[in-house]
Amino acid sequence: MARNSYFRFKQFTIWQEQTAMKVCTDACVLGAWTPVEKSHRILDIGTGTGLLPLMLAQRLTPPYHIHAVEIDPSSASQSRTNVQESPFAETIHIYETSIQSFTSEHPYDLIISNPPFFQNYLRSPNEGRNRAAHDERLSFAELAVAVDKHLAPEGRFAVLLPVFETDLLAKELRPYGLHIQQQLALKNDPGKPAFRLLTLFTRQATPAEITPEVLCIRDETNEYTPDFVALLKDYYLIF
């Protein structure tokens, strides 16, 4: 996906010149894959450009409220602009704060996050990208505490991470009674390993190990797969 100053979707536009982390395909898959039924109160942790709240809002039926937390001032400002210029401005509110400091009077039916995940990797010379991609401001332990604090008893937590980091987060969530209910393994094409896992956690324990479904973005001829097109056709202008 080209990293231009903006990315236009069918119902909204994501401006991203002020943010270090741009719109990416895996985040779009998360926004389209995450189930929204029975979700009236939604929290996005680390919203960046505001992409995920806007994607979810497109599929929701009022009444609903989406709260999005973003610690980086430039990203928070960018996400506010994207929300205000969208058809969903009245239902999405951006909070410029850390999730550790964020408070809410009511729990959430759905929490979604595309969190920082690099634990011990080489840092980028771009400090803004470091803040977005590394866990210095939000460790997996802190993320687990926040999810447990804000998630309703019957709520769901959807998260996008690489395979190894998914296991690390799952271990942090387990003591809070949060278990994997559903997973999607994202591949660039059938011949490559999964580079991201999309995981849905709930407080309902599962009797057996979950086998991830698999989604390939492209096929052997480098064309978008029918499954990928079906998932993103309501969002991407090219479909």
* **CA sep, side-chain torsions, deciding dist, call: S77, S74, side-chain hydrogen bond (donor to acceptor under 3.5 Å, both in side chains)** => CA-CA 5 Å; S77 174; S74 296; over 6 Å; no

* To do: Ignoring hydrogens and angles, tell me if any N or O in the side chain of S101 forms a donor-acceptor pair with the backbone of T97 under 3.5 Å.
  => no

* Asked: Rounded to the nearest 0.5 Å, how far apart are CG of L198 and CG of D26?
  -> 8.0 Å

* Supply the atom-to-atom distance L231 CG to L184 CG, rounded to the nearest 0.5 angstrom. => 8.0 Å

* **Residue pairs fulfilling salt bridge (Lys or Arg N to Asp or Glu O under 4.0 Å) with at least one residue in residues 79-103, sequence neighbours excluded** => R80-E96

* Asked: When you check the side-chain N and O atoms of T225 and D227, is any donor under 3.5 Å from an acceptor?
  -> no

* **Rounded distance [0.5 Å steps], CD in E213 versus CD in Q182** => 6.0 Å

* **Q78 vs T19, side-chain hydrogen bond (donor to acceptor under 3.5 Å, both in side chains): CA-CA, chis, key distance, verdict** => CA-CA 7 Å; Q78 187 88 86; T19 62; 4.7 Å; no

Distance-only donor-acceptor hits, side chain of residues 35-50, under 3.5 Å, sequence neighbours excluded:
residue	atom	partner	partner atom	Å
E37	OE2	R156	NH1	3.3
S39	OG	V36	O	3.3
S39	OG	R156	NH2	3.3
H40	ND1	P63	O	3.2
R41	NE	P107	O	3.1
R41	NH2	S104	OG	3.1
R41	NH2	H106	O	3.2
D44	OD2	T47	OG1	2.6
T49	OG1	L51	N	3.4

* Return each pair, listed once, that meets salt bridge (Lys or Arg N to Asp or Glu O under 4.0 Å) where at least one residue sits in residues 182-195; pairs must be two or more places apart or across chains. => D189-K192

* Asked: Is it true that H179 and F201 have ring centroids separated by less than 6.0 Å?
  -> no

* **From CZ (R203) to CD (Q181), nearest 0.5 Å** => 12.5 Å

